[in-house]
Protein chains: 2
Amino acid sequence: MSTPPSGPDPTAGPQSSVASQRIAAELREAILAGQIPPGTRLYQEEIAERLGASRLPVREALRILEAEGLTESQANRGARVPLRTMREVEVLYRMRERLEPLALHESLADLPDSTVDRLTEIQEQIEANDDVTGFVTLDREFHLLTYSACPIDTLLATVVTLWNSTQYYRRAFMLYRGQGERWIINAEHRLLLDAIRRRDRIDTERYLAGHIRRTRQELVRHPELFAPSAP
Amino acid sequence: MSTPPSGPDPTAGPQSSVASQRIAAELREAILAGQIPPGTRLYQEEIAERLGASRLPVREALRILEAEGLTESQANRGARVPLRTMREVEVLYRMRERLEPLALHESLADLPDSTVDRLTEIQEQIEANDDVTGFVTLDREFHLLTYSACPIDTLLATVVTLWNSTQYYRRAFMLYRGQGERWIINAEHRLLLDAIRRRDRIDTERYLAGHIRRTRQELVRHPELFAPSAP
DNA sequence: CTGGCACAGAATGGATCCATCATCAAGAGC
DNA sequence: GCTCTTGATGATGGATCCATTCTGTGCCAG
């Protein structure tokens with residue numbers, strides 16, 4: 001469950017010496033940015049041609065992304081970006097409510113003060129920014145950075161996978177209805193940031209769980225953002 | 001995050017039409033049975049020759065297993081079965097404590113009565129059996145069967161990955177010190193089974209969380225089963 | 001005797017070519 | 001007119017060959 005030396009780094013840029021990882025990074029970025037929406041069929045040959053490689057590393061890249069929850073594939077039937085139902089996304093959020101507080105707990109002791117300062121900067125950028133796409137990117141960077149000192153690779157990788165799997169719908173919600181939520185998110189982030197600075201394990205877990213829980217409840221109030229339940 | 005049509009089935013036998021999946025199934029079985037212990041280097045060529053295929057599907061199989069937590073690989077440095085530290089296994093158990101009750105919760109409503117009967121049979125086999133390897137296999141079958149009706153593939157796959165990642169150490173513990181624990185496990189299983197039959201969501205989650213938690217506490221009392229913390 | 005460097009062997013990563021399977025459209029039969 | 005079958009097309013899966021990178025050993029210098 002690790003591609004670069006120290007776990008899959010979702011913020012890593014698309015420069016890697018190994019082609020399959022470079023391709024995976026390019027596709028990852030495009031999918032997370034919403035440029036390749038759920039349901040899109042991914043053709044090996046097209047990707048290979050566009051990114052200047054043969055089909056083989058593309059196949060490996062698709063396997064890597066599959067492990068990260070960004071694509072899915074069936075034998076002889078190709079790969080696509082998963083279309084998720086509302087119920088599925090809801091349960092993914094419930095998983096996040098349970099796992100991310102644990103990841104933060106495990107990360108908290110080893111989180112250097114410099115990272116806490118960086119978190120504060122990001123939060124200031126979030127508050128200054130009013131572009132939705134920029135917000136989603138910064139929000140992701142903020143939260144994943146709080147987990148960055150977690151020493152357990154599997155836990156971190158699982159959390160990243162859950163973020164990957166829900167991010168598209170999160171952006172869709174923010175574009176559609178989320179502007180009014182901004183002040184709540186900022187308040188929650190400020191409380192969380194303060195608890196992190198105090199290294200308070202109880203408070204960090206509580207604020208974080210509440211933050212995710214509230215987001216889930218907002219999301220499920222908009223079924224129109226999702227694929228129908230019965231495919 | 002799915003190899004056969006409906007998610008990765010860890011109990012599926014090694015007969016598959018697609019070679020990479022067949023190879024992954026063979027290796028999965030061998031690793032889970034403890035025949036390939038943690039730390040073992042896996043050579044593509046050797047596996048390819050032994051299982052009658054070329055190296056290419058072996059590479060794909062190793063990627064599949066990597067996603068399931070059964071192998072790890074670094075660029076140009078090959079694949080191996082991960083060696084986990086005690087701290088790592090402890091956190092993996094904490095993840096299980098949080099996720100498996102959720103999986104059971106989501107599975108419970110759709111779990112057919114016939115499956116509950118099958119669970120009872122398995123528990124009777126567990127009680128009649130005194131071979132440790134047989135116990136570990138049956139115990140895995142029992143728990144994973146309780147989750148089998150969970151409609152969310154990602155949740156199920158994550159739970160299976162966590163089982164895969166901890167199973168070796170679980171067996172090592174049972175071989176080493178676990179025989180006296182058998183009656184406690186049986187009592188816990190009976191309570192869980194009864195709650196499942198009653199479709200009691202609260203009790204199932206409580207008994208299951210307690211069961212996993214107690215197992216974790218037993219495991220961490222035996223640091224000698226694990227790799228040292230500082231590699 | 002120790003440490004660094006260079007070279008040889010081996011294993012992994014990638015490209016190209018071929019076989020197999022799924023999909024879709026057109027036609028025959030009912 | 002509808003359905004089932006059959007064939008053509010295109011995409012995926014697999015095998016072989018070549019390039020690249022890592023590892024370990026042996027030699028030489030300090």
Side-chain angles (χ1 to χ4, degrees), chain A residues 1-6 8-9 12 14-28 31 36 39-68 70-83 231, chain B residues 1-6 8 12 14-28 36 39-68 70-83 231:
Chain A
M1 205 153 283
S2 59
T3 16
S6 54
D9 185 354
Q15 52 267 32
S16 169
S17 59
V18 181
S20 60
Q21 290 173 16
R22 182 178 59 85
I23 293 168
E26 300 253 16
L27 285 176
R28 184 187 298 124
I31 295 172
I36 307 178
T40 307
R41 172 80 182 270
L42 298 172
Y43 295 93
Q44 296 178 4
E45 196 156 5
E46 180 193 328
I47 297 167
E49 186 181 3
R50 189 149 49 84
L51 299 186
S54 88
R55 271 178 42 223
L56 199 145
V58 174
R59 276 155 67 178
E60 304 240 344
L62 289 175
R63 293 261 186 228
I64 292 173
L65 295 174
E66 193 177 341
E68 297 175 18
L70 287 170
T71 64
E72 63 184 5
S73 53
Q74 287 187 330
N76 289 314
R77 228 169 291 180
R80 55 180 65 246
V81 182
L83 260 178
Chain B
M1 204 154 284
S2 60
T3 16
S6 54
Q15 52 265 32
S16 170
S17 58
V18 181
S20 60
Q21 289 173 18
R22 183 178 58 85
I23 293 169
E26 300 253 15
L27 285 175
R28 183 187 299 125
I36 307 177
T40 307
R41 172 79 182 271
L42 298 172
Y43 296 93
Q44 294 179 5
E45 196 155 5
E46 180 193 329
I47 297 167
E49 187 180 2
R50 189 148 51 84
L51 299 186
S54 87
R55 272 177 41 222
L56 198 144
V58 174
R59 277 155 67 177
E60 304 240 343
L62 289 176
R63 293 262 186 229
I64 293 174
L65 294 175
E66 196 177 339
E68 297 175 15
L70 286 170
T71 65
E72 62 182 7
S73 53
Q74 286 187 330
N76 289 316
R77 228 170 289 181
R80 56 181 65 246
V81 181
L83 260 177

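Every chain is numbered from 1, with letters handed out A, B, ... down the list of sequences. Please read these numbers as outputs of a predicted model, since none were measured by experiment.
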- Task: Check step by step if side chain to side chain contact (heavy atoms under 4.5 Å, CB included) holds for Thr40(A) and Ile31(A).
- Result: CA-CA 10 Å; Thr40(A) 307; Ile31(A) 295 172; over 6 Å; no
- Any chance you could lay out the side chain to side chain contact (heavy atoms under 4.5 Å, CB included) test for Val18(A) and Glu60(A), step after step, and finish with the verdict? CA-CA 11 Å; Val18(A) 181; Glu60(A) 304 240 344; over 6 Å; no
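Within residues 40-54 of chain B, the residues that place at least one heavy atom under 4.0 Å from DNA chain C are, in residue-number order, Arg41(B), Leu42(B), Tyr43(B), Gln44(B).
To the nearest angstrom, C1' of dG14(C) lies 17 Å from CZ of Arg63(A). The nearest whole Å value for the distance from the CD atom in Glu60(B) to the P atom in dG13(D) is 7 Å. One interatomic measurement links the two molecules: CZ of Arg80(B) to P of dC22(D), which rounds to 15 Å at whole-angstrom precision. What separates CD of Gln74(B) from P of dG13(C) is a distance of 11 Å, to the nearest Å. As rounded to whole Å, 10 Å separates atom C1' of dT16(D) from atom CG of Leu56(B). Rounded to a whole Å, the CZ atom of Arg59(B) is 14 Å from the P atom of dT16(D).
At least one side-chain heavy atom of Leu62(A) sits under 4.5 Å from a side-chain heavy atom of Leu27(A).
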Atom pairs, N/O to N/O, protein against nucleotides 18-22 of chain C, distance under 3.5 Å?
none

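Here the CG-CZ distance, from Leu56(A) to Arg59(B), works out to 5.0 Å after rounding to the nearest 0.5 Å. Taking OG1 of Thr71(B) as the start and CZ of Arg28(B) as the end, the distance is 10.5 Å to the nearest 0.5 Å. Atom CD of Gln74(B) is separated from atom CZ of Arg80(B) by 9.0 Å, given to the nearest 0.5 angstrom.
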Which atom pairs, donor and acceptor, lie under 3.5 Å between side-chain atoms of residues 42-50 of chain B and protein residues at least two apart or in another chain?
residue: Gln44(B); atom: OE1; partner: Arg55(B); partner atom: NE; Å: 3.2

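Closest approach of Ala24(B) and Leu65(B) over heavy atoms only: O-CD2, 3.7 Å.
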